[in-house]
J.: 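Quick one: this structure, given as structure tokens, is what I'll be asking you about.
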Amino acid sequence: MLQLQQSCTAYPADGLQYLSLPNQTLLLYPSANAIIVLNARTLAFIRVLAFWEAFPTTIHTNQNISCISVDSGMKLVVAAINTRIAAWSLSGVQQDVWRIHSTLVLPENHIVTALDNKAGLLAVGTGRGLSVYTLVLENDLPTWSQKWAASVSAVTLASFAPSLMYIATVSNTDNSVRLFSTTSGRQTQVLPHPRPVVKVAWRRSQASSRDDLILYTITSDSTLRIFLPVLDSPEHLQLHASLDVFSSSPLSTSSNQLALGTTTVFWLDRRIVGTVLNRILETNGTQDDVRITRIKEISDEGWDLFFRVLGDGSVVITAVSNIDRRPPTLLGQFTLHQAQPCVFSCPPSYLYVFPNPDLTLLTLVTSPPLMSIDLSPLLFFGAQSQALHIASKAVERIPAEESEILRLVRTPEGKGVGVLRTNGGGEAWRIVERGSKLVRSVRWSDADFVVPLEHGYQIVTYSKADGLLTLHSSPPQNLSLPTLESLFTLPSPSGYEYIIGITTELSIIQIHAPTGSDLTIRSLDKLPLPHLPKLILPVDPMAWRLTRAWAEHDVLLSVSEHGELAFWVPEATGESRWRCTGKVKTGRMGFKKARCSSMKKTALVVGGSDGDELTIWDSTESEFASGLEYIGIHSEPILDLDWSSTPDMQSILAVGYLRHVNLLCQQRMTYFDEGPGWALCRKIEIHSFTPYPISDSIWLAHGSFLVAAGQQMFLFSEPPQPEPESESLFEFVARQNGPLEDYHPQMLLQCLLWEKVELVKEIVVNLAHDVENRGNNAAYKWTSLPVDKFFQTDRAASEYVAKKRYSLLFSEPNPKEDQEKEGFSRPLVTRLIEALEINPLPRLTVNEQAHLLVLIQTTLEIDEQRRALDSNGLRYLISMRSFYILNRRVSSSSPPTAGTVPLQTGRRERLRYRDMIWAFHSESQELLLASSTDACNRKMTWTDTRALGIALWLNSPEALRSQFEIIARNEYMAGDARDPTACSLYYFALGKPKLVQGLWRQAAWHKEQAIMLKFLSNDFTEPRWRTAALKNGYALLSKRRFEYAAAFFLLGNALKDAVNVCIKQMGDFQLAVALARVVEQSNDGPVLFDVLTNTVLPIALQQGNRWLGSWAFWLLHRRDLAVRILLTPLQNIATAYNIMVTEIKEPHYDDPSLALLFSQLGSKTLQAAKGTSEISGRAEFNFILQMSRVFCRMGCHVLALDLVRSWSFARPSTVVREPRISKTAAPVPRPLFPLEPALRRRRSSIIIDMDIISLPPTRSASPVRDTEKPLVMDTIQEESDLFARKAGLGDLMKSAKQDVKVPEFDMNAFF
């Protein structure tokens, strides 16, 4: 996953300090109005301490920190801007937590020029004097109390002595160093210098019991002076030694250095150097080597070492002896070593020595340039070139980088990025080392818009002040343009970029910027729209591939005031230079942000009272999808959107907030877990290391992500050398939404649903062998079947297996091959399930793991019961078992496996209507009913019946009555109460009030026993007792005993009232359907039809459930509509059938099984064939394309290929000719609808379920009484189809059969 690889922080101009910690050393330096904290060894970024954290009013004021001071003892950092002082402390418990410690505000005009703090004392130098403050606690809050103040003009440096008894100060008004007493503030001594003093520091005594005053000063000519006290006056300092360039090097070298310029000199901490030297002597002390002799001499004599860098980069080490000698004596100085130029290009201003992880090395940190150097004393004194090695180096300093970042702009492919700052300047950067490092390329000084070109090597800027577009080439090229609102680049087929500008009038300017040529305007035009759009935005080109023509990609996105998205490509010729490739109506208004990816994914942000609404739209044009894939309300304002794409064209959206960025990736659609279409895959947070808000963020090449906050940039990318088992962001996204492994339960389930059982068996066999052979090998490559295997039907696969088996009759069998390729069998499945229960497969959630096991077990049972179970029964059985597994897993609340994204799952109350409809169209309902009963532990109650939809899919009214009796018995036996009221509704529906009366006789404990026994003893065939039952029903309604009220309505022969109670009060239309079917003992009763028409169909339309609507129309004998509702817009269905609903939900076509049902229903009956014929070929074509997209969203790309490859569209096969009719005969209309698809799709016969108007019979028919009026429905208007499907009626009649009811077999008929 993405990690922080590089921080582009402003370079330290001055004031580099360090903080020593037990396990590391930190570098601190001011940058604008903040302090940057780095690791001294690696220069790795750690933290930003912003001054406005302590003083919020100083943010965006362009005031810079003037000086800082660090106290390692108290882990305290103090900084100042003008008259304000802020202090931060590093937590003692949590070493990585910085907190505001205290603040101090000086009087007006007392601008701080120097700071030093040690052990709770704070020295503040201003232009008017020197003050010392002590740290006190007031109400448990640290505050600074002034101890004294002295009148000293323009203090530039201040430093406490190690004993805290004196303060050394430097003023820019003279060349002297003044010493003040810390306790009284009295000036004790003045040390004059011939030149201005630039640095002053106190040397710590090596003896722990002594607090000697030893002062080092450095003047502007790089001369270091050593001041020591004399014997008779221990508190009075005198000059004892002076180290200049002439005393540190030979005369010829000194003269050359004067010609080359300045040199710098630094003192090396004797304690750190001595520790490393002692370690070297311990390791190599026995060797007889000149280098060891020199190191031993330095250690034994206790010399102080001084490090001088000359103008040419060479290094001179000077040793001074006798500094610690007591009584004081003359100091000895001599040049110890001189090294040729190696790592220094110029003398640095700062140099510190720190411990190194390697105890035989020293770490040198210099600035400028800021770099960390490993110094090996053993190699250094051996005059070897590799003695100094650069461990880390920062980029070159640019003063403009201390201005805050306003915007980031990348090149089309993401290999370069331009950084525009608030001062109008900026710089371009190139990304290298596979996205893990940024390198600065070019800079500019003043611009309102900028676009980088040529992977970041070149830039084009635009200034609103003069209207000039400037190509920063040699020489620069200018082009005068109208006032622009935006400027961006896009790739072109020729390899150079197009520059596109959007003017304030929303005109579009295309500009060519070929390498080595002048800037030229290609076109200036507006989009051909009736009204000006609200926004014109570029389509993100990160996923473009050069193998495709440029014009094939959408280039611009326009957003109208009413939320219509339009996509545009440039045209070389024509009246308009822009052509619209598609539109999407979002219904949103008031956009705050909008971004479109090159994969036609559009993200929109609309503000609202509850927060920002983020929606993601798939802009692929189709009447079968609204395009809405994700909707979410975010309480935190969304400030930025940016798209990227994986190598396999998966989109990733970065949603930017004030202090973090959420990376969203598309989620695979699944039957097992319900979750949003897009989910969080990575959260990039910056609040842990910077307090600045995010000003902009942008994707770069190789999946890198750049975040700008304040003056700094932070590059997140994959490590240059990732660990073997690590997973990159692109790999994670591919796993979330890419093609699935063959063994994935989603793939197995879809194969089973689409009648590829033999294929699933082969996959299970391969999985069993892989599990046995894999062992603990994490890099094991799982067996994958060839793609053409997925194109085979079960029949073809079975013939192949049989052919292979029978070939053994004519060839000698290979026992080894049989042993290695064990076929699908119960022992193999048993071993596989046991192995998977012990060691689950990687990358599967708990639910997916459980479904994999049940699918393997179900496949075995299917294989063993293949002749008894049809394909629709198989689909229901799989769904039913998945339903119970999911609920058991949710109840157990098992956590997801490692490395997976937990999806939002919950307990489901029932099967989906889709699964119930499979059982409804199954011809194996007896087996399904038995399996459903077993799933309920053979104690099916109404709750179980409703969950499985048995009242909807069980076709036989007689079987439903039998099941109702079982339900009544189980409801009565449930629990220990044996309450007759629990089963009265069901027994009354069955017409068995006397049985209920018998149950009441056994309920002596019930308070209503006597009343019910007396009431049920009456004859309810009489009107008076029916009326009494109805009155009791209404009384129970008032008491909210709804189920019992419905029972009394049934007792009073008021089925309609009982059904209404189930629908309105209980909200259970399944119970209403069941009561109507049981009481009416038919599937054609008037009450049932009323429930279907006025309740079920409105529910189906309101929920957008095409499965439920198809089932209702099928029972209503409108099988043409049962087919058409699968493809037709629901509003058209509601209008044609006059269904009154307030709101119709148009759902996504997110279930490829709709195509399966459409294929089946069209060939079942004549009405269904008529409904199929009324669907245009274009609509069917688009429908199948949408189903293939859904397959890809599910990770079943190979099944999507199989669908579009094998789907057969109806084509004209016969010509309908009008028969010759005599002039005297009246013309008889004939229906002309295509029936060829019904004859072709998987069935050889079709049921006649509608009246057929044909030629007049040869003789008159007998009169038939009209017993039933047919349903009247308006005609649904469909689009014309160029490939109209027309077939002859005679072809249909040859294969049709009448749906005739056959009486049951009776032996008495033979006698």
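Note that these values count all heavy atoms, side chains included, but never hydrogens, waters or copies made by symmetry.
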J.: Do Lys118 and Met74 come within less than 4.5 Å of each other through their side chains, counting heavy atoms only?
T.: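 They are not in side-chain contact.
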J.: Is Glu235 atom CD crowded by more than 12 heavy atoms from other residues, nucleotides or ligands, each under 6.0 Å away?
T.: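 No, CD of Glu235 has 12 or fewer neighbouring heavy atoms, counting only those of other groups under 6.0 Å.
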J.: Taking the side chain as every heavy atom from C-beta outward, state whether Val78 and Ile85 have any pair of such atoms under 4.5 Å apart.
T.: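 Yes - at least one pair of side-chain heavy atoms lies under 4.5 Å apart.
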J.: Could you please spell out the steps behind the ring-ring contact (aromatic ring centres under 6.0 Å, His included) verdict for Trp267 and Tyr216?
T.: CA-CA 9 Å; Trp267 53 90; Tyr216 294 153; 5.5 Å; yes
J.: Heavy atoms only: give me the nearest Leu157-Val197 pair and the separation to one decimal.
T.: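 For Leu157 versus Val197, the nearest heavy atoms are CD1-O, 4.4 Å.
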J.: For a 4.5 angstrom cut-off between non-hydrogen side-chain atoms, does Val124 reach Leu115?
T.: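 With C-beta onward as the side chain, the pair touches.
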J.: So for atom CG, which belongs to Asn62, do other residues, nucleotides or ligands contribute more than 12 heavy atoms lying within a distance under 6.0 Å?
T.: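 Counting neighbours around CG of Asn62, 12 or fewer heavy atoms of other residues, nucleotides or ligands fall under 6.0 Å, so no.
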J.: Using the six-membered ring wherever Trp is involved, compare the ring planes of Phe45 and Phe689 and label them parallel, tilted or perpendicular (cut-offs 30° and 60°).
T.: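 The arrangement is perpendicular - the two ring planes meet at more than 60°.
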J.: Does any non-hydrogen side-chain atom of Leu362 lie less than 4.5 Å from one of Val273?
T.: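 They are in side-chain contact.
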J.: Check Arg195 with Asp221, please: is the shortest side-chain N to carboxylate O separation under 4.0 Å?
T.: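 A salt bridge links Asp221 with Arg195.
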J.: Heavy-atom distance under 4.5 Å between the side chains of Leu4 and Ile686, does that happen here?
T.: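 Contact flag for Leu4/Ile686 side chains = no.
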J.: Under 3.5 Å, is there a donor-acceptor pair linking the side chains of His193 and Ser176?
T.: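 The answer is no; no qualifying pair exists.
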J.: Would you call Phe180 and Trp148 a side-chain contact if the rule is heavy atoms closer than 4.5 Å?
T.: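 A side-chain contact under 4.5 Å exists here.
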J.: Check for me whether Lys199 meets the cation-pi criterion with Tyr350, that is, NZ or CZ under 6.0 Å from the six-membered ring centre and within 45 degrees of the ring axis.
T.: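 Yes, Lys199 sits over the ring of Tyr350.
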J.: Got more than 12 heavy atoms from elsewhere within 6.0 Å of NZ, Lys393?
T.: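 No.
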J.: Would the number of heavy atoms belonging to other residues, nucleotides or ligands and lying under 6.0 Å from CZ of Arg443 be above 12?
T.: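 For Arg443, atom CZ is not crowded (no more than 12 foreign heavy atoms under 6.0 Å).
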J.: I'd like to know if Asp640 pairs up with Lys593 as an ion pair, taking the criterion as any Lys NZ or Arg NE/NH1/NH2 lying under 4.0 Å from an Asp or Glu carboxylate oxygen.
T.: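 Lys593 and Asp640: not salt-bridged.
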J.: Indicate the ring-plane relationship of His634 and Tyr657, choosing parallel, tilted or perpendicular according to the 30° and 60° boundaries.
T.: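 Tilted.
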J.: Is any side-chain heavy atom of Ser704 closer than 4.5 Å to one of Ile431?
T.: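 Answer yes - side chains close enough.
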J.: In terms of heavy-atom contacts, does NZ of Lys147 have more than 12 from other residues, nucleotides or ligands at under 6.0 Å?
T.: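 Yes, because the 6.0 Å sphere around NZ of Lys147 holds more than 12 heavy atoms from other groups.
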J.: Do the ring planes of Phe354 and Tyr18 sit parallel (below 30°), tilted (30 to 60°) or perpendicular (above 60°)?
T.: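 Perpendicular.
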J.: Is it true that a side-chain atom of Asp696 and a backbone atom of Leu408 form a donor plus acceptor pair closer than 3.5 Å?
T.: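 Judged by distance alone, yes, a pair lies under 3.5 Å.
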J.: Students often mix this up, so state it plainly: with edges at 30° and 60°, are the rings of Trp144 and His101 parallel, tilted or perpendicular?
T.: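 Ring orientation of Trp144 relative to His101: tilted.
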J.: Check whether the side chains of Thr126 and Thr113 place a donor and an acceptor atom closer than 3.5 Å, and report yes or no.
T.: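 No, no side-chain donor-acceptor pair sits under 3.5 Å.
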J.: Among Trp88, Trp98, Phe51, which one satisfies side chain to side chain contact (heavy atoms under 4.5 Å, CB included) with Ile35?
T.: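 The single option meeting the side chain to side chain contact (heavy atoms under 4.5 Å, CB included) with Ile35 is Trp88.
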J.: Ser181 and Thr183: side-chain donor and acceptor closer than 3.5 Å?
T.: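 The criterion, which ignores hydrogens and geometry beyond distance, is satisfied for Thr183 and Ser181.
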J.: Taking it one step at a time, do Tyr166 and Gln189 satisfy side-chain contact (heavy atoms from CB on, under 4.5 Å)?
T.: CA-CA 10 Å; Tyr166 296 94; Gln189 189 176 358; over 6 Å; no
J.: Can you find a side-chain donor-acceptor pair between Arg41 and Thr25 that sits under 3.5 Å?
T.: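 Judged by distance alone, the side chains do not pair up.
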J.: Do Asn33 and Gln63 meet the criterion of a side-chain donor-acceptor pair at a distance under 3.5 Å?
T.: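 Their side chains do not contain a donor-acceptor pair, so the 3.5 Å distance test is not met.
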J.: Looking at Glu401 and Arg440, does any basic side-chain N land under 4.0 Å from a carboxylate oxygen?
T.: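 Here Glu401 pairs with Arg440 in a salt bridge, since their nearest N and O are under 4.0 Å apart.
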J.: Using only atom types and a distance under 3.5 Å, with no angle test, would you say the side chain of Thr83 pairs donor to acceptor with the backbone of His110?
T.: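 No, the answer is negative, given that no donor and acceptor are paired below the 3.5 Å cut-off.
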J.: Do the side chains of Asn64 and Ile81 get nearer than 4.5 Å, heavy atoms only?
T.: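 They are not in side-chain contact.
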J.: Run the numbers on His236 and Phe227 for ring-ring contact (aromatic ring centres under 6.0 Å, His included), then give the verdict.
T.: CA-CA 9 Å; His236 187 78; Phe227 293 87; over 10 Å; no
